[in-house]
Amino acid sequence: DSGVTQTPKHLITATGQRVTLRCSPRSGDLSVYWYQQSLDQGLQFLIQYYNGEERAKGNILERFSAQQFPDLHSELNLSSLELGDSALYFCASSVGSGRASNEQFFGPGTRLTVL
Amino acid sequence: GESVGLHLPTLSVQEGDNSIINCAYSNSASDYFIWYKQESGKGPQFIIDIRSNMDKRQGQRVTVLLNKTVKHLSLQIAATQPGDSAVYFCAENTELIQGAQKLVFGQGTRLTINP
């Protein structure tokens with residue numbers, strides 16, 4: 001158990017809908033990262049937040065957005081869903097924001113299925 | 001450009017044997033690599049990391065070798081056990097700007113341990 005929690009575990013929805021994925025980082029961790037894992041694209045970095053502020057963006061679509069709240073939990077919002085958005089979405093957390101001694105701990109993921 | 005790839009998508013070894021998983025990268029400026037293990041239904045789990053100022057690093061039953069000349073790294077697992085069955089990813093940890101990092105993952109190798 002990494003200490004990172006994600007809800008829900010599974011999510012099934014229809015094209016065009018909007019969903020929210022939730023992540024609680026390990027106690028004491030200030031950075032949260034979101035990754036998407038799909039069969040064709042593999043594991044891809046989406047976005048990083050540190051202490052409530054966006055720090056880095058990766059291959060995140062404009063239909064997707066995220067935020068980190070004062071209690072440090074984070075939400076990933078996916079809108080106008082398409083079939084290709086079906087994937088595993090992982091959240092990771094680390095103590096700090098840069099690379100130095102900041103191992104990322106991954107949660108168990110949310111499996112999103114868009115029908 | 002940035003890319004991290006693997007030579008083999010699957011690898012089967014006998015329990016007790018040693019296994020070697022390979023990974024190639026393309027960016028000669030890459031300086032920090034991490035190996036992750038992902039078991040079925042779980043998020044990636046940190047195994048071992050190596051920075052470019054090292055050629056070799058050892059952990060418990062695992063060794064990572066880095067050859068900067070040919071831009072190649074490998075993960076060696078000694079005396080494999082059934083619990084080693086998983087997908088293994090190499091990842092490059094890139095510092096985007098100070099205080100922001102992202103992981104670029106390879107496609108993964110599925111390791112199967114045969115009894």
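Sequence lines set the chain letters: A, B, ... in the order given, protein chains first and strands last, and positions in each chain run from 1. All values derive from a computational prediction rather than experimental measurement.
Looking at B:Gln38, only its side chain comes within 4.5 Å of chain A, counting heavy atoms on both sides. Heavy-atom distances place the side chain of A:Ser94, and not its backbone, under 4.5 Å from chain B. The contact between A:Phe90 and chain B is made entirely by side chain atoms (from C-beta outward), counting heavy-atom distances below 4.5 Å.
The pair A:Glu82-A:Arg63 meets the salt-bridge criterion, since a charged nitrogen lies less than 4.0 angstrom from a carboxylate oxygen.
Using a 4.5 Å cut-off on side-chain heavy atoms (C-beta onward), A:Val4 and A:Ser24 make no contact. Contact annotation: the side chain of A:Phe69 approaches that of A:Gln67 to within less than 4.5 Å [non-hydrogen atoms, C-beta and beyond].
Using a 3.5 Å distance cut-off with no hydrogens or angles, the side chains of A:Tyr35 and A:Gln104 do pair a donor with an acceptor.
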